Structures are given as structure tokens and as C-alpha cells.
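See below for the structure under consideration.
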There are 2 protein chains.
Amino acid sequence: MTAMDRYGYELPLLLAGAFRRIIDELHRRLAEQGHPDLRPAYGFALQAIGADGCTVSDLGRRLGVSKQAATKTTAKLAALGYVDRTPDPADARAVLLTVTPHGRAALTESARIFEELRAEWKKTLGATRLRALEDDLAKLTPSETPTPLIDLPGWFH
Amino acid sequence: MTAMDRYGYELPLLLAGAFRRIIDELHRRLAEQGHPDLRPAYGFALQAIGADGCTVSDLGRRLGVSKQAATKTTAKLAALGYVDRTPDPADARAVLLTVTPHGRAALTESARIFEELRAEWKKTLGATRLRALEDDLAKLTPSETPTPLIDLPGWFH
DNA sequence: ACTATTTCGGCAACCGGGTTGACGATCGAC
DNA sequence: GTCGATCGTCAACCCGGTTGCCGAAATAGT
């Protein structure tokens, strides 16, 4: 019973469309909540720095990018007031990145919006279908990808 | 029964991961089949030009990017031998883009690989689950997005 | 028929997020 | 103490986009 199978090329389109939709919607709502300047890339970085903070090199490793790229991102993050850069007392070479209260606010707001969006999907799809969707996607995205989205922009090698 | 719902932030990660996986795998196999230099962006453009060809401006409109961007892409596509640029006999301003045999080969090969990949997903998920997944994704990506993936790279506004 | 407006394509400059290469400064091991 | 690894940064570049501007050609208006 192969009646009406979709074309293979539709799958990536659907995945990309759904992804874009979530991210766009997230940032639309974040902008409304007082974070209009938090670009997706910054959000990921902020998340990666986390409550405990880390150094620039750490951040680079966590995001799977070079230290140079991490330096650039943190510069912007700092300029926007989302993180503080303080010298590491234990290592004179290192710079400690810590999330500011403003940054923390953005993180909690993000988490809230993500749950909000998932709740909306749940309403449209039903709890069972949504969970099935997540499980199926997980099944097809082996652990292999540590930070699957970070190099999305540059994933055109 | 809300036992063990996933976090809201996992959904976009799963979507992005799955998308990346498909595209990466597509281009890995394309490279094996003699198209190592066909970047994802070029593939989309090639697809957009299509069997009938079009002008540079057309291409820009189809991809949802500026004519300048379309010009740049076609220049690379032409340099790689995937398209021909010929003057339009009916309009001295226009340039006609046509897919070369090499380009046509890449397109058919892409289509084949997409079906191959979908078949693999089908094997892992089962026909029913796969179709459910596609339908659910479609449900959440309203028509609103004409070319959902093209400005993925630049979707950081 | 002759303007006036639109459209076509390309040039130049820039942006955002990446890369590599080189570098001085510091740390840690021996 | 010296030497190799690591820390963060500067500079230059890549890639896919953008806007602004332009001349040349097509089309509309009268």
C-alpha cells in the first residue's frame, strides 16, 4: 500500500520549515519581551555559557567553533549587556564569561517561550503524536551530533 | 498523564539535527557520485532554475533573494559547469539560465538520493510513522512559507 | 515619435558568522 | 629554568546574503 507517498525531497523542506518557524517565533516573542537584539546565534551562545559561566575557549569547544569565533560572539554579547568578561583569578591568560542579570532574564524567558511553543504544538497535534514525532526524530538523529544546530549557518562548509 | 514530557527546547534541536543529517548525507553521496563541488545553496538554485530555465531575476524571485545574490550564485554555478548563461534573444537585457547536461545529471542524482534517504527513514520508522511525521510537520508549517529553506543561511535577518 | 518609467543585470561596499594563521603572554611538566 | 601546550586576540579571508547605484533596454503615455 504505497498509495500517495510523499517525495523524498519534501522531508527536509518540512523539517527546515518547522525549525525556522519555531526559531522565528521564539525571537519574535523574545523581541516583544524586551530582547529585540538577541539574535539566534547569541541565544545559543548564552545557553552554552550557562549559569556557571566558562572561558572563551570553553565556549568555543561547547559550540563546536574556533576560539576566534567564540571571541567575536562574546564581544557582541558583552556589548549588548548579556555577559560580563572578567579576568580569571586562577589563570592570567583566561577570560571568565558570566551571564549578567539581563542575560539571565533572557534565558528564563527563552525557556518559558519554548514551553509555550511546545504546548501550542501539543494542542495542534495531540500529546501522543507530538511525543511520537520527537521520538522518531531522536531515532534518526544519532548522538553523533553534539551541537546539531550551532554550525547551521556555516554548515555549507 | 504528563509523565516525562520532553523540554520545549529539544524540539528545534531535533528538527535541526534531522535536517542537517539529511542535507549532509545528500551531499556526501552526491560527492561520491561525481558532484563534490555542489554546495547545498547551489543545489537549491539548480532546482529553482529547473528544466525549463529562467532569467537571473526569475531565479532571484524564486529563491526569495535579491537579483544581485542570484547573479553571484549563477556565476559560481556557471563556473562549475552546472548552468549556461546565454543572452535572451527576446530581451537584450536579460540573461537566460539553462541547466547543462552535467547539471541535469546532478538533479536526477539528487532526486534519486532523496528517495533513497526517505526509504531508509521508512525502514527505521515504518511507513505509518514516517507518514505521520510528514503530515504532522506539514500541519505545523502553514503555507505561509513559500520557500522555507532558501533563506535558512540568512535567516538571521 | 518621443519622453518617462520600469525592469534587467552587474558593480561596489558592506554585514554576520564562520575560517586559518600568526602572535605575545602565561601555565605546567620536566 | 627551559620548553611545549594553551589562552585570547589581531588580521585576513570565505561564503551567502544585503543595499545603493548604474547604464542599457523594454514598455507606457501622450
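All figures in this text were calculated on a predicted structure; none of them were measured in a lab.
- With sequence neighbours left out, A/Gln33 forms a side-chain hydrogen bond (donor to acceptor under 3.5 Å, both in side chains) with no residue at all.
- Remark: C1' of D/dT9 and CG of A/Leu59 are 15 Å apart, rounded to the nearest angstrom.
- Under the side-chain hydrogen bond (donor to acceptor under 3.5 Å, both in side chains) criterion, B/Thr55 pairs with B/Asp58, sequence neighbours left out.
- Heavy atoms only, all atoms of each residue included: B/Leu15 and A/Phe19 are closest at CD1-N, 3.9 Å.
- Rounded to a whole Å, the CZ atom of B/Phe44 is 17 Å from the P atom of D/dC15.
- Taking a cutoff of 4.0 Å between a charged side-chain nitrogen and a carboxylate oxygen, B/Glu116 and B/Arg112 qualify as a salt bridge.
- Phosphate contact (OP1/OP2 of C/dC8, side-chain N/O of B/Arg61, threshold under 4.0 Å): present.
- In this structure A/Arg104 satisfies the salt bridge (charged side-chain N to carboxylate O under 4.0 Å, His left out) test with no other residue, sequence neighbours excluded.
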For residues 79-90 of chain A, dump all side-chain donor-acceptor pairs below 3.5 Å to protein atoms at least two apart in sequence or in another chain.
residue: A/Tyr82; atom: OH; partner: A/His35; partner atom: ND1; Å: 3.3
residue: A/Tyr82; atom: OH; partner: A/Asp37; partner atom: OD1; Å: 2.8
residue: A/Asp88; atom: OD1; partner: A/Ala90; partner atom: N; Å: 2.8

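- Atom CG of B/Leu63 and atom C1' of D/dG16 are 12 Å apart (whole Å).
- Donor-acceptor pairing under 3.5 Å, judged by distance alone, is present between the side chain of A/Lys67 and the base of D/dG8.
- With hydrogens and angles ignored, a donor-acceptor pair closer than 3.5 Å exists between the side chain of A/Gln68 and the base of C/dG21.
- Side-chain atoms of A/Lys76 stay outside donor-acceptor range of the base of C/dG16, with no qualifying N/O pair under 3.5 Å.
- Between C/dG9, C/dG17, D/dT19, one nucleotide has an atom nearer to the side chain of B/Thr71 than all others, and that is C/dG9.
- Residue B/Ser57 is in sugar-phosphate contact alone, with no base atom involved, counting any heavy-atom pair closer than 4.0 Å across all strands shown.
- Scored by the side-chain contact (heavy atoms from CB on, under 4.5 Å) test, B/Glu115 finds A/Tyr7 as partners (sequence neighbours excluded).
- Spacing between atom CZ of B/Arg39 and atom C1' of D/dC14 amounts to 9 Å, rounded to whole angstrom units.
- Phosphate contact (OP1/OP2 of C/dG16, side-chain N/O of A/Tyr42, threshold under 4.0 Å): absent.
- For B/Lys72 and D/dC15, the NZ to P distance is 11 Å, given to the nearest whole Å.
- A heavy-atom distance below 4.0 Å to DNA chain D is reached by these residues of residues 80-98 of chain A, ordered by number: A/Arg85, A/Arg93, A/Ala94, A/Val95.
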